[in-house]
Amino acid sequence: MTEIRLPGGRWRLWEQFALRGPGFPADGVLRLAPAGLAGAADKFGPGDALSGPDWDAFAEGFDEAAVATAHALQDIARTPAFREAVAWQNRPVLDSGIKPFLNWTPTAAGRTSMPRQREELVAHYWQRFCVKNDTIGFFGPVGWGRFDPEAGAGVRVDPGEGLVAATELYFAGWAVDALAASLAADPAAREWIAPWRVPFVRADGDRVIVPGRPPQQAGAELTAVLARCDGVRTAHRLAEELPEWDVPTVLDELVRRRWAVWRLEVPAATRPERWLRAWLDTVGDAGLRERGLHGLELLERGRERVRAARGADQVVAAMSLLEQEFVELTETAAVREKSAGTAPCRALVYSDCRRAATARIGAEVAEVLAASLEPLFTAAGWLTSRLAAEVMEAAKGVHARLAAEGPVDLASFWFACMPILHGDAREAAQRLQQEFQAHWQAILAPEPGVRRVGRELADVAAAVAERFAAGPFADAGPGWTAARYLSPDVMIAARRAEAIERGEFQLVLGELHLASNTLGASLFVHQHAEPAELAALTDRDHPGPRLTPLLPKEHRSRLSARVKYALRRPEDYQVALVDQTGDPADPRTLLSADLAVVEQDGDLRVVLPDGTGFPAVDVFAHVLTTLAMDLFQILPEAEHTPRVTVDRLVVARETWRLRATDLDFPEEKDERRRFVRARHWREQQGLPRFVFVVSPAESRPFYVDFDSPVYVTVLAKALRRLARRDPDGRVVITEMLPTPEQTWLTDDTGRTYTSELRFVAVDERHLPGGDA
C-alpha cells in the first residue's frame, strides 16, 4: 500500500483515487470554432460602424463559416456514440431535434430560426459530452487510479482497450417503489406486509411516548402490537402471535394515530429489486406471489434488453418497450418530471460505466500535491471544527433542559434541536465562511484590481498555521466522524502525460468537498473493479464501528440511489431518526426513540441499548455535512476575483459575476454583429477564450468558446433567459483551466480527454467512534 502523508502528519491521502472525465475527446469542441473567424471579427473596433465593404466581406465569410459549422454539427449528430448518449439523456430530442436537423441541407439562406436552434441543441449536448467532467453512463465513465512510486515523476496512463471496461444497469429506486405500490394495492397483500413502528415513537408500559407531546394512554392491545411492529413480523405473523386480538383493526388504529406504518416500503438500496424479490418469496398467497414475480421478471427482462441494446435506435426501442410494459403493469408514468431531486434517475433504468483507462501518479506530482493541499486541509478542518462546536454548544443547552425532566431519548433530543439545525446552524455556517474568507484575505493580501495572485507555499502554510491551527481549536478535532474526510477535486493542466513527466504541469483545485468521502457513493463503489479494496481502506480509517443517521431515499439536497453511501460495514450502526428507509431486518439499524442521550465529561453521547456509546454530534452528520460541504471558498463573491496560485497549485480560478441586464450584445438579433460585439465585450472584461458559465436560469454549468459563434449564441440566449426571469440575476463566469488543449488522459487510439482526479483525505489525528 502506497501511503501519501501530508507534511504536517495529520492528513493521509487514500492510495486510490477516482478519475472523472467525459466520454468524448476534448478537441471535439474545437471543431465548432471556425479557423480565422475570430481574427477577422477582431479587425472591427468597438467604435467601428459594422457596415461598408469590409463588413460585407466579413459577413460573407461568416456565413460561409456558419454553413461549414452546420455541416460539422451534422457530422457530430450522425455519430452513433453521440446519438446513443442523447438517447440516454433525452430520447424525444432524437426525433424532435436531431432527425429534422439531419434531414436539412445547410445553406446561408436556409439557416432560419429553427435550423439554428437545432444547431445550438447539438452544440449544447456536445460541450457536455466533450468537456464536462460528469459521472454518468459511457459519456461520463468512472475511472480509477492510484499513487505508485514506480510510475516515474509524472503520471502514467494505461489506456486499456476501448473507452469502457464494464457497464452496469440499475433500476431507479422509484420504479421499484411503483411496482411495490401496485402489488400492495391488492387487498391480499396486507397480511404479508410487515408494519413498523415510527422511529421516534416508543411504548412505555400502557403509554406511548411521542416527542413534544405528553405521554398518551394507549391500552394493552395497542402497545402490545406496537411493540411487535419491527418491520420484520408480517401482519399475518402478528395475528398468529396475538390470537386474542383483532390485529388488523389494531394496526389500522396505530396507523391512524401515526404511531406505525403499514405499507410495503422497499429499503433504499442500489439493487432495490432484490429486496422486493426476497419479500415476494415470503408471501403466503400463491396468486399474489406469482403476479409479483411475473411483474418483476418482466421488468428485469426489459432491463436486460436495454443492456443488450447497441446504438441509439436499439436503446430507444428497448427503453420504449420497457416503459410500455411498466405503465401497463403499474399504471404509473414511466418518466418522472424533471426536478432537482430526480436527475439522473428520471427514467426507469440508468447506466454507470467503468473507464478502461487507469492512471498512476508518480513521485513528483504526489509530492507537489501533498505539500500544496496541506494548508488547505488545515483551514478546512478549522471550518468543520468550529461549526460542530457552535452547534453542539447550543445542543447542550437543549439537552440540559430536557434532562431536567428525566432521561432523554434521541428522538426527543433530535426534534428539540430542529430550530438549531435549521436556523442557528445555517447562520453559523454563513458567519464562519465570512470569517474563513477574512482570514484568507489577510493571508493572501491580494492587490486591488489584479487578475493574478501568486504566493509562495511556505509563506501561505505559515500564515495558515497561525490563523487556523492555533488557539482554542488547535487540537479540537474535525468536529464529527464524517468530517475526518475531505474530498478534493484536482485537475492537472499539461499537454500530454509526457509534459507532466518533464515537470511541465500545473495543478488546479476544482472543489474541496468538506466532511464527506465522496468515493463512498454507490456510483463510485460499484464501478470499481475490486470494491473490497475500498472497504479495506475504510477499515483502516475507522478501527471501530460508526453511527450514522439513516437518510431519506431521495431529496433535493443531492440524495439519490447513485450517491447513497455504500461503504457501510457490518459493524457500523445506523439510526432512523424520522423515516425508516433501511432494511428493518438489519440488527444494526436502530430507531431514535430507543437510544439515550447522556452527558459524559462535558460531551453529549448517544448510548445504544447494548451500552455502546457514540458522539452525539454524529447523528447530526448529514445536516452538518450539507451545511459544510461547499463552504470552502477562499475568496468572497465579487464582480471579479483573481486567479490565486500557491506555488504550483491554482486554488481559485479567475471569476466574474455579472448582471445579465448590464450586457448589450445578447439583445443583438444579427448573429454576425452579436459575435463581433460579444468579442468586444470579452476584450473589455479581460475574459479568456474558454470559460464555464453558471446561470440561475440554466440547469447546469455550460462551456463557452468565444471563438465559436454557436457557443456565443448559446451564451447570449442564456443571458436573455436570465434577464427575463430576474432583472437583477447574475451569471458566474469562470475561466476554463485546464483548457481543451491541456489534456493528458488518453485512450487506446491516442485521443485525449478532459479529466479531474477526486482524492480522499482522512484526518489521522482523531479517531472518534463507538465505545463499549
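Keep in mind the model is a prediction, meaning the values are calculated, not measured.
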Verify, without hydrogens or angle tests, whether [X] (side chain) and [Y] (backbone) share a donor-acceptor contact under 3.5 angstrom.
| X | Y | answer |
| --- | --- | --- |
| T79 | I76 | yes |
| R720 | P666 | yes |
| R346 | R336 | yes |
| E668 | D670 | yes |
| Q433 | L631 | yes |
| R677 | R672 | no |
| R355 | V142 | no |
| T734 | F692 | no |
| S487 | H513 | no |
| Y711 | A123 | yes |

Can a salt bridge be assigned to the pair [X] and [Y] using a cut-off of 4.0 Å between side-chain N and carboxylate O?
| X | Y | answer |
| --- | --- | --- |
| R111 | E671 | yes |
| D707 | R679 | yes |
| R455 | E447 | yes |
| E654 | R452 | yes |
| R495 | E504 | no |
| K43 | D48 | no |

*Would you check, one step at a time, whether the test salt bridge (charged side-chain N to carboxylate O under 4.0 Å, His left out) holds for R20 with E756?*
CA-CA 5 Å; R20 302 182 69 215; E756 69 181 22; 2.5 Å; yes

Just say parallel, tilted or perpendicular for the rings of [X] and [Y], cut-offs at 30° and 60°.
| X | Y | result |
| --- | --- | --- |
| F147 | F17 | perpendicular |
| Y125 | F82 | perpendicular |
| F706 | W681 | tilted |
| W440 | F436 | perpendicular |

Going by side chain to side chain donor-acceptor pair (under 3.5 Å), name the residues that satisfy it together with [X], two or more places apart in sequence or in a different chain.
| X | result |
| --- | --- |
| D748 | none |
| Q437 | none |
| D662 | R659 |

Are more than 12 heavy atoms from other residues, nucleotides or ligands located less than 6.0 Å from atom [atom1] of [X]?
| X | atom1 | result |
| --- | --- | --- |
| Q117 | CD | yes |
| E639 | CD | no |
| E741 | CD | yes |

*Can you check salt bridge (charged side-chain N to carboxylate O under 4.0 Å, His left out) on D705 and R689, steps first, answer last?*
CA-CA 6 Å; D705 175 358; R689 173 182 171 182; 2.8 Å; yes

*Does the salt bridge (charged side-chain N to carboxylate O under 4.0 Å, His left out) test come out yes or no for D134 and R700, once each step is laid out?*
CA-CA 11 Å; D134 280 339; R700 296 184 181 89; 5.3 Å; no

Using side-chain heavy atoms (C-beta onward) and a distance below 4.5 Å, is [X] in contact with [Y]?
| X | Y | answer |
| --- | --- | --- |
| T112 | P115 | yes |
| L486 | L514 | yes |
| S755 | P22 | no |
| F505 | W744 | no |
| L722 | P696 | yes |
| R657 | T641 | yes |
| R451 | H640 | yes |

From [X] atom [atom1] to [Y] atom [atom2], the distance as rounded to the nearest 0.5 Å:
| X | Y | atom1 | atom2 | result |
| --- | --- | --- | --- | --- |
| Q742 | F690 | CD | CZ | 9.5 Å |
| R31 | T69 | CZ | OG1 | 10.5 Å |
| W656 | R730 | CH2 | CZ | 15.0 Å |
| L719 | L658 | CG | CG | 9.0 Å |
| L737 | L507 | CG | CG | 10.5 Å |
| T358 | D158 | OG1 | CG | 4.5 Å |

*asked:* Determine whether E501 and E364 satisfy the following criterion, side-chain contact (heavy atoms from CB on, under 4.5 Å), listing intermediate values before the conclusion.
replied: CA-CA 8 Å; E501 185 73 22; E364 181 178 346; over 6 Å; no

_Quick check on side-chain hydrogen bond (donor to acceptor under 3.5 Å, both in side chains): which of N133, D747, T743 does Y753 satisfy it with?_
D747

*Please lay out, stage by stage, how T713 and R116 fare under the test side-chain hydrogen bond (donor to acceptor under 3.5 Å, both in side chains).*
CA-CA 10 Å; T713 297; R116 290 203 304 271; over 6 Å; no

_Could you walk me through whether R751 and D27 satisfy the salt bridge (charged side-chain N to carboxylate O under 4.0 Å, His left out) test, starting with their C-alpha distance in whole Å, then the side-chain angles of each, then the deciding distance to 0.1 Å, before giving a yes or no?_
CA-CA 9 Å; R751 297 175 299 179; D27 62 3; over 6 Å; no

*Indicate, with yes or no, if the rings of F44 and W55 have centres closer together than 6.0 Å.*
yes

*Worked verdict on L715 versus V693 for side-chain contact (heavy atoms from CB on, under 4.5 Å)*: CA-CA 8 Å; L715 172 62; V693 180; 4.0 Å; yes

*Could you tell me which residues satisfy salt bridge (charged side-chain N to carboxylate O under 4.0 Å, His left out) with E511, sequence neighbours excluded, listed by chain and number?*
none

*Could you pull out all residues at least two apart from W88 that satisfy ring pair (Phe, Tyr, Trp, His ring centres under 6.0 Å)?*
none

*Can you name the side chain to side chain contact (heavy atoms under 4.5 Å, CB included) partners of P446, sequence neighbours left out?*
Q441, L444, V453

*Regarding R673 and the six-membered ring of F665, is the cationic atom NZ or CZ under 6.0 Å from the ring centre and inside 45° of its axis?*
no

*asked:* Using side-chain contact (heavy atoms from CB on, under 4.5 Å), reason through I136 and Y350 one step at a time and then give a plain yes or no.
replied: CA-CA 8 Å; I136 181 170; Y350 62 93; 5.6 Å; no

